Number of protein chains: 2
Amino acid sequence: MSVKNKTRYAILGVLNSSPCTGYDIKKYCDRIIAHFWNENYGHIYPVLKALQEEGLIERVEEETNDRKKKYAITGKGREEFLSWLKEPAHYQPARSEFLLKLSFSKDLHKDEIRSMILKYKEDYVKKLDGYGKMEEYMKQKEGALETQQGFFLYAPLRYGIRSAESAIAWCDEMLNEIDLLK
Amino acid sequence: MSVKNKTRYAILGVLNSSPCTGYDIKKYCDRIIAHFWNENYGHIYPVLKALQEEGLIERVEEETNDRKKKYAITGKGREEFLSWLKEPAHYQPARSEFLLKLSFSKDLHKDEIRSMILKYKEDYVKKLDGYGKMEEYMKQKEGALETQQGFFLYAPLRYGIRSAESAIAWCDEMLNEIDLLK
DNA sequence: TTCCTCATGTAATTCGTTACATGATTGC
DNA sequence: GCAATCATGTAACGAATTACATGAGGAA
């Protein structure tokens with residue numbers, strides 16, 4: 001098994017919708033689910049090979065381009081994927097470098113802390129802006145919410161939007177608190 | 001340098017407040033900053049040794065118990081710590097196994113998705129409850145917000161509270177959407 | 001006497017990222 | 001002709017978790 005766990009299921013999940021190449025999978029990660037998941041080639045290709053050896057995926061013909069290696073999920077693969085899907089998601093230990101820094105910042109000057117938070121806020125404002133555009137796009141193009149298909153991309157997006165809004169609100173709250181401090 | 005980066009600064013940050021043993025550092029992580037940071041012995045002890053060799057921390061006497069190894073930050077250590085503190089925090093690529101599963105759940109039954117989200121919500125309700133208790137505790141014990149000291153623990157806690165509230169609100173929104181679906 | 005917390009460490013494994021290496025095709 | 005994107009892969013490194021190993025001291 002060697003290379004397993006997360007990447008494994010991310011790949012099976014993508015292939016469960018339609019046959020893809022490793023490159024396609026990377027593209028899917030970067031364009032569609034980037035705000036809550038990421039993969040890199042260094043992991044995708046070895047796992048693809050391992051999954052094939054285990055019989056969870058198989059090569060399919062690709063006429064247009066012989067360099068491409070297109071894979072499809074097998075029945076066995078779908079089984080394992082579904083059983084993973086039904087398990088509760090593992091809790092992942094939180095690690096926020098930003099909050100770590102903030103919690104250690106007693107020796108910094110007020111202004112430094114203020115600009116630290118401001119920078120953090122700006123990052124989330126940008127993110128929120130990106131999410132907003134995606135939301136617009138989904139709403140007009142796919143009719144998103146009405147269809148099942150749409151829901152499963154729209155829901156994580158809404159999560160991102162709410163998280164970003166909440167981070168921004170926190171920044172504003174803290175910027176106020178700092179002014180009141182000492 | 002070998003073992004470096006994050007753990008390194010987490011340790012320096014704890015020692016920047018007061019001299020500690022490796023065990024104390026672990027305790028601090030588990031009790032005070034657990035909601036946004038975590039460390040384990042397997043990393044703490046080797047890094048402690050490495051930091052001492054680099055002259056960023058040093059052994060201090062511990063009268064009560066000779067088995068204890070208490071370390072303090074040095075001038076050089078404080079310098080490096082502060083320069084890290086002033087750098088902007090690195091963006092960390094998001095990975096939410098829960099959202100990954102949800103985005104792949106088109107083949108699951110409505111009820112399964114509903115209970116998936118309900119479980120997720122319960123986890124956050126519990127977390128929020130824990131944060132609430134911590135907040136109460138901090139407010140009465142330390143006078144939290146008024147003092148500088150308090151602020152730097154209170155601010156990350158507020159972040160946790162807002163995140164949890166936002167996650168719970170998202171769950172409710174999605175539970176509604178699911179009922180409207182199809 | 002048994003369990004819990006204190007206390008320190010090593011080894012093995014798994015995981016994730018980055019850098020490296022190569023080359024075809026497409027559009028400007 | 002050049003840059004961008006398509007396309008596949010390996011190697012090395014860096015980091016994080018888990019398991020293993022040991023033992024003291026105090027409380028119930």
Side-chain angles (χ1 to χ4, degrees), chain A residues 1-11 14-15 19-31 33-34 36-53 57 59-71 84 90-97 100, chain B residues 1-11 14-15 19-31 33-34 36-53 57 59-71 84 90-97 100:
Chain A
M1 225 180 237
S2 83
V3 196
K4 62 165 182 179
N5 224 334
K6 316 282 177 68
T7 303
R8 198 180 167 77
Y9 297 107
I11 290 178
V14 178
L15 295 183
C20 286
T21 66
Y23 192 81
D24 292 335
I25 291 168
K26 171 69 171 151
K27 230 171 29 182
Y28 186 86
C29 292
D30 289 349
R31 296 188 187 165
I33 60 177
F36 59 89
W37 201 259
N38 70 297
E39 286 297 345
N40 40 273
Y41 293 125
H43 233 164
I44 290 174
Y45 288 114
V47 172
L48 231 28
K49 190 186 271 181
L51 287 174
Q52 190 186 13
E53 275 161 19
I57 63 176
R59 283 285 299 275
V60 290
E61 289 308 308
E62 170 59 48
E63 326 77 41
T64 63
N65 192 333
D66 52 328
R67 274 187 311 121
K68 282 191 185 181
K69 291 190 179 178
K70 209 174 196 176
Y71 296 92
W84 168 77
H90 289 119
Y91 168 74
Q92 23 209 268
R95 283 203 141 191
S96 162
E97 199 183 320
L100 186 69
Chain B
M1 225 180 235
S2 82
V3 196
K4 62 165 184 178
N5 223 333
K6 316 283 176 70
T7 303
R8 197 179 167 78
Y9 297 106
I11 290 178
V14 178
L15 294 183
C20 287
T21 66
Y23 192 80
D24 292 335
I25 291 169
K26 171 72 171 148
K27 232 173 26 184
Y28 187 86
C29 292
D30 289 349
R31 295 188 187 166
I33 60 175
F36 59 89
W37 200 259
N38 71 298
E39 287 296 345
N40 40 273
Y41 292 125
H43 233 163
I44 290 174
Y45 287 115
V47 173
L48 230 28
K49 189 186 272 180
L51 287 174
Q52 190 185 12
E53 276 162 17
I57 63 175
R59 283 285 299 275
V60 290
E61 289 307 308
E62 170 59 47
E63 327 77 39
T64 62
N65 192 332
D66 53 326
R67 274 188 312 119
K68 280 190 185 179
K69 291 190 180 178
K70 208 175 197 175
Y71 297 91
W84 168 78
H90 289 119
Y91 168 74
Q92 23 208 270
R95 281 203 141 191
S96 163
E97 198 181 323
L100 186 69

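The sequence lines fix the lettering, A, B, ..., with proteins before strands; numbering per chain opens at 1. Values below: all heavy atoms of this structure, side chains included; hydrogens, waters and symmetry mates excluded. These numbers come from a predicted model, not from an experiment.
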Under-4.0 Å side-chain N/O to phosphate OP1/OP2 contact, B/K69 with C/dT8: no
Nearest-angstrom distance from the residue atom CD of A/E39 to C1' of C/dT18: 15 Å
Close side-chain approach of B/E97 to A/K6, heavy-atom, < 4.5 Å: yes
Check: A/G22 main-chain N/O paired with A/K69 side-chain donor or acceptor under 3.5 Å: no
Touch class at under 4.0 angstrom, heavy-atom based, for B/G42 against every strand present: base
B/Y91 OH - C/dT17 P separation (whole Å): 11 Å
C/dC6 OP1/OP2 closer than 4.0 Å to side-chain N/O of B/T21: no
Whole-Å gap separating P (C/dT13) and NZ (A/K6): 20 Å
Nearest-angstrom distance from the residue atom CD1 of A/I25 to C1' of D/dA7: 13 Å
Under 4.0 angstrom between A/Y23 side-chain N/O and D/dT8 OP1 or OP2: no
A/K26 side chain to A/E39 backbone, donor-acceptor under 3.5 Å: yes
d(OH, B/Y71; P, C/dT8) in whole Å: 8 Å
Non-hydrogen atoms of B/I57 and B/L48 that approach each other most closely: CD1-O, 3.4 Å
Per A/T7 side chain, nearest of listed nucleotides C/dG16, D/dA7, C/dA7: C/dG16
Nucleotide nearest A/K49 when distance is taken to its side chain, options D/dT10, C/dT17, C/dT5: D/dT10
Protein-nucleotide distance (B/N40, atom CG; C/dT10, atom P), rounded to Å: 14 Å
Heavy-atom side-chain proximity of A/L15 to A/I25 below 4.5 angstrom: yes
A/I11 CD1 - C/dC15 P separation (whole Å): 13 Å
d(NE2, B/H43; P, C/dT13) in whole Å: 18 Å
Phosphate OP1/OP2 of C/dT8 contacted by B/Y45 side-chain N/O (<4.0 Å): yes
Of B/L48 and B/R31, the one whose closest DNA chain C nucleotide lies more 5': B/R31
